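The structure appears right after this line, and notes come after that.
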Amino acid sequence: PVPPGPEVFDVVIFGASGFTGKYVIREALKFLPPNASPLRSLALAGRSRDRVAAALRWAAAPGPAPDVPILVADASDPASLAAVAARARVLLSCAGPFRLHGRQVAAACAEAGADCLDISGEPEFMERVEADLHEVAAKNGSLIVSACGFDSIPAELGFLFNSRQWTPPSAPLSVVAYVNLESDRKIVGNFGTFQSAVLGVANASELQALRRSRPRPAKPRIPGPAPPKGSLIEHDKALGLWVVKLPSADTVVVKRTLAKVTEHPEGLPGVDETSEFVDRRKEFWSSIKPAHFGVKIGTRSILGLARWLCTGLLIGILGGFSLGRSLLLKFPEFFSLGLCRKTGPTEEEVNNASFKLWFVGHGYSDLARASERGTKPDMEMVTRVSGPEIGYITTPIVLVQCALVLLSQRANLPKGGVYTPGVVFGPTDLQKRLEENGVSFDLISTRTLPSD
């Protein structure tokens, strides 16, 4: 008889002892038996067994740590990654910066035919994974989806939610997402995110070169040119926010989703879909109207905005050369004016923070009129996505719910390949699941714009 192979786990969390990893463990434990959920078995993977065990104890507190297997693996050791990927149905990749550690993990999953979800917000990493791994992942039945955290699922699902509110004959021309992070305490970011931003500046030219080497993405049919750029800093009276444009992964990810849906207007067929899901998928994508999309960050006070601007400028200037980068990474709290520190936020700072993502769509009440010369948008649609702290609460909620969708509805999803979250999860029940777990989607207002 064939000896039984090693156990395959529904979910393996890789990078489990990192800052975000331990919060992902805490979220995943809520869905293990005896809780009713598609998650039947879980394992944790990281470089140090002791540190992963400590993260598990932290995540389970104040109760005892459950008996969850720990696999030792290191992103720089391909054999160890292959062994972990072979034992995972879905691998949750939490070890950033992904530019340094993520590709090897995704490659091991693509080879093994395991699904891989990560929480990267790094455009160059995401697009490189698509360029390098799409074909092998598609062949082996491995779905690889980046940006399954606060980057970029609230923006993706939020954009799709706004788009669906425009019922024919109306249609959007542009949608701007305003990110507003709120807290009674100080807002403190994760050092990994800061590190990724610094490396992103360092490698901006690599991203441009990668894009030049790739086939041009399909252009969505949007009913008019992009609106004028506007000034660097604006005060939005309706939202009560001072805003500045944010170079954001969200913009890149939403644009990639729209390009893919332009090529596949009915979305991507699942490997073995139910007839109900086929109808749902076609209905969903037929209701999505493409639009120009951008992201701005907003704060209640102009002083708060100045901190974001200064941090952005310092990263932009110093990130371009190696001495500047080493200074930024050595003293993150100083150069981010306190927005970021190596130890991350305290538990109290995390519990006090929340986010609101406002989507302000401008478009036409009657699409037929949009083609007339000089027709200005005459309709506004405002929607909102809101939820708890972004990095340690919302990101794990989103990532774990994506995994549960994969575990419960895998046959309705594409066989394999590298895709954006919107393309894979748009027509599923992910939005409903997020709403049941503390993330809200609301239609705020629809109004006619004055014709000036």
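Worth saying up front: this structure is predicted, and the values here are computed from it rather than measured.
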Hey, are E127 and R211 close enough for a salt bridge, meaning a charged N less than 4.0 Å from a carboxylate O?
-> yes

State which residues pass ring-ring contact (aromatic ring centres under 6.0 Å, His included) with F125; sequence neighbours excluded, sorted by chain then number.
-> F98

Which atoms form the tightest heavy-atom contact between C402 and C148, and what is the distance?
-> SG-CB, 4.2 Å

side-chain contact (heavy atoms from CB on, under 4.5 Å) evaluation trace for Y419 with K260 = CA-CA 9 Å; Y419 298 110; K260 184 61 74 181; 4.2 Å; yes

Considering only heavy atoms from C-beta outward, does the side chain of L232 approach that of K245 to under 4.5 Å?
-> no

Side chains of L309 and I233 in contact at under 4.5 Å (non-hydrogen atoms) = yes

Within-4.5 Å side-chain heavy-atom neighbours: V350 and I393 | yes

Residues C94, I119; criterion side-chain contact (heavy atoms from CB on, under 4.5 Å); working and verdict | CA-CA 6 Å; C94 302; I119 51 173; 4.3 Å; yes

Can W58 and Y23 be said to form a ring pair (Phe, Tyr, Trp, His ring centres under 6.0 Å), step by step?
-> CA-CA 9 Å; W58 177 90; Y23 281 92; 4.8 Å; yes

Is the NZ or CZ atom of K289 positioned over W166's six-membered ring, under 6.0 angstrom from the centre and within 45° of the axis?
-> no

Excluding sequence neighbours, so at least two apart, what forms salt bridge (charged side-chain N to carboxylate O under 4.0 Å, His left out) with E283?
-> R164

Do T420 and T257 have side-chain atoms, one donor and one acceptor, less than 3.5 Å apart?
-> yes

Is there any side-chain hydrogen bond (donor to acceptor under 3.5 Å, both in side chains) pair reaching into residues 217-240, and which pairs are they, with sequence neighbours excluded?
-> E234-K296

If we ignore angles and hydrogens, is there a donor and acceptor under 3.5 Å between the side chains of S76 and D74?
-> yes

Only residue of V175, T383, I288 satisfying side chain to side chain contact (heavy atoms under 4.5 Å, CB included) with S163 is I288

Smallest heavy-atom separation, G422 atom then E156 atom, equals N-OE2, 2.5 Å

D132 bridged to R128 by N-O distance under 4.0 Å = no

So, does R384 use its side chain to make a donor-acceptor pair with the main chain of L443 at under 3.5 Å?
-> no

Is any side-chain heavy atom of F161 closer than 4.5 Å to a side-chain heavy atom of V385?
-> no

From CA spacing to verdict: side-chain contact (heavy atoms from CB on, under 4.5 Å), V179, F355 | CA-CA 7 Å; V179 187; F355 79 88; 5.7 Å; no

Would you mind reporting whether L92 and F14 have side-chain heavy atoms less than 4.5 Å apart?
-> no

Gap between atom CZ of F31 and atom CD of E27 - 0.5 Å precision | 5.0 Å

Check: S93/D118 side-chain N/O donor and acceptor closer than 3.5 Å = no

What's the shortest heavy-atom distance between A28 and L39, and which atoms?
-> O-CD2, 3.7 Å

Identify the heavy atoms of A106 and I144 that sit nearest to each other, and give their distance.
-> O-CD1, 3.6 Å

Considering all heavy atoms of both residues, which atom of L56 and which atom of A65 are nearest to each other, and what is their separation?
-> CG-CB, 4.2 Å

Sequence neighbours left out, what pairs pass salt bridge (Lys or Arg N to Asp or Glu O under 4.0 Å) with at least one residue falling in residues 316-329?
-> none

What residues, two or more places apart in sequence or in another chain, satisfy ring-ring contact (aromatic ring centres under 6.0 Å, His included) together with F359?
-> none

Heavy-atom check, side chain of E130 versus side chain of R256, under 4.5 Å | yes

Before accepting this row, confirm whether a basic side-chain N of the pair R300/E182 lies closer than 4.0 Å to the acidic partner's carboxylate O.
-> yes

Point-to-point distance, once rounded to the nearest 0.5 Å, from CD of Q165 to OG of S287 = 9.5 Å

Point-to-point distance, once rounded to the nearest 0.5 Å, from CD of E380 to CD1 of I444 | 11.5 Å

Not counting sequence neighbours, which residues clear side chain to side chain contact (heavy atoms under 4.5 Å, CB included) with P217? List them please.
-> A259

Looking only at heavy atoms, the pair that brings A75 and L81 closest together is O-CD1, 3.7 Å

Would a distance-only check, ignoring hydrogens and angles, find a side-chain to backbone donor-acceptor pair under 3.5 Å from N35 to K30?
-> yes

Can you list the steps and then say if F441 with L160 is a side-chain contact (heavy atoms from CB on, under 4.5 Å)?
-> CA-CA 11 Å; F441 289 73; L160 296 172; over 6 Å; no

Tell me, do V243 and W308 make a side-chain contact under 4.5 Å, heavy atoms counted?
-> no

Rounded to the nearest 0.5 Å, what's the gap from OG on S326 to CZ on F321? Could you check?
-> 8.5 Å

Mind running salt bridge (Lys or Arg N to Asp or Glu O under 4.0 Å) on R103 and E124 for me, showing each step along the way?
-> CA-CA 11 Å; R103 191 189 167 287; E124 191 232 353; over 6 Å; no

Establish, from distance only, whether the side-chain atoms of Q409 and D429 form a donor-acceptor pair under 3.5 Å.
-> yes

Do I315 and F335 touch side chain to side chain, with heavy atoms closer than 4.5 Å?
-> no

